[in-house]
Amino acid sequence: MISATKLIQDLANFTGSEQYYLHWSKVLKYTTGVKYLAEKAQAYWLIDAIASHQTKRLLSNDNLRYFQLWLLTVTNTENQLPQKYGFINPNPNHKSVLTCWEDTPVEGIKPVIRQDIEFTDFPLTEMKLYVENSVLLLPSEH
C-alpha cells in the first residue's frame, strides 16, 4: 500500500477529470482521482459506502441533491498526521467514521449521515470527498 505522504502528493495532481467511471450500483460516477485513491489505498469500499447512502431519503434534501461533503476520519494510523476536523471521532471499538455534511463540518453540528467503521487500514487520518450532481470527486477536482 502507498504511504500517506506519497498519496497526499499524488492526489494533489488531480485537477479536473475528463473520464468518469460508473459505480456498479449505477447511482454514482467517480473521477480519475477517486479511482486512483481507491486503487492505491485499497479503498474501493469507500466508494461503495458513499454510493450506498445515495438513497431517495438523502437525495430528497435539496441541499444534498446537488452537493455533499464526505469526510472519512481514521484514528491510530501508523503515520498519524494532524487532523483538521479533530472533533469528528469514531465510536469506541471502531477505527474510523464516515460522515456526510451539507457544507464544511462545524463542531457542535451533527452530520447528515454517520457510519462508524470497525476496521480499516486506510493510510490517511482524514479524507475529504465531494459528490456533485451524482459524481464523486476529490476536492482538487472541483
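These numbers come from a predicted model, not from an experiment.
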Chemist: Do you know the tightest heavy-atom contact between L64 and L58?
Modeler: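 In this case the closest contact between L64 and L58 is CD1-CD1, 3.3 Å.
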Chemist: Tell me which pairs pass ring-ring contact (aromatic ring centres under 6.0 Å, His included) where either residue lies in residues 1-28, with sequence neighbours left out.
Modeler: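 As it turns out, the ring-ring contact (aromatic ring centres under 6.0 Å, His included) pairs with a partner in residues 1-28, which skip direct neighbours, are F14-Y36, Y21-Y30.
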Chemist: Answer yes or no: are there more than 12 heavy-atom neighbours, outside K40 itself, under 6.0 Å from its atom NZ?
Modeler: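 Count not over threshold, so no.
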Chemist: Which heavy atom of A51 sits nearest to which heavy atom of V27, and what is that distance?
Modeler: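 Where A51 meets V27 most closely, the heavy atoms are O-CG2, 3.6 Å.
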Chemist: Say whether, by atom type as modelled, one donor and one acceptor occur between the side chain of T32 and the main chain of S17 under 3.5 angstrom.
Modeler: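 It does not hold such a pair.
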Chemist: Can you tell me which residue among Q54, E132, E102 is in a side chain to side chain donor-acceptor pair (under 3.5 Å) with Q68?
Modeler: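 Result for side chain to side chain donor-acceptor pair (under 3.5 Å) with Q68: Q54.
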Chemist: For L138 and T31, which heavy atoms make the closest approach, and how far apart are they?
Modeler: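 Minimum heavy-atom separation between L138 and T31: N-OG1, 4.3 Å.
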Chemist: Which of parallel (below 30°), tilted (30 to 60°) and perpendicular (above 60°) describes F67 and Y130?
Modeler: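 Judged by the thresholds at 30° and 60°, the geometry between F67 and Y130 is tilted.
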Chemist: What is the distance from atom CG of D116 to atom OG1 of T73, rounded to the nearest 0.5 Å?
Modeler: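 D116 CG to T73 OG1: 10.0 Å, rounded to 0.5 Å.
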Chemist: Taking all heavy atoms of I47 and all of L28, pick out the closest pair and write down the distance.
Modeler: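 Looks like O-CD2, 4.4 Å.
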Chemist: Check whether any side-chain N or O of R114 sits under 3.5 Å from a backbone N or O of T99 as a donor-acceptor pair, and report yes or no.
Modeler: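 Not a single qualifying donor-acceptor pair exists.
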Chemist: Give me the atom names and distance for the closest heavy-atom approach of S60 to R65.
Modeler: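 Here S60 and R65 meet closest at O-NH2, 3.7 Å.
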Chemist: So which atom in L129 and which in P139 form the shortest heavy-atom distance, rounded to 0.1 Å?
Modeler: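 For L129 versus P139, the nearest heavy atoms are CA-CD, 4.4 Å.
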Chemist: State whether the side chain of E141 and the backbone N or O of G33 hold a donor-acceptor pair below 3.5 Å, judged by distance alone.
Modeler: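 Yes, the answer is positive, given that a donor and an acceptor are paired below the 3.5 Å cut-off.
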Chemist: Assess whether side chain to side chain donor-acceptor pair (under 3.5 Å) is satisfied between Q115 and H53, documenting all intermediate values.
Modeler: CA-CA 10 Å; Q115 179 182 345; H53 290 291; 2.8 Å; yes
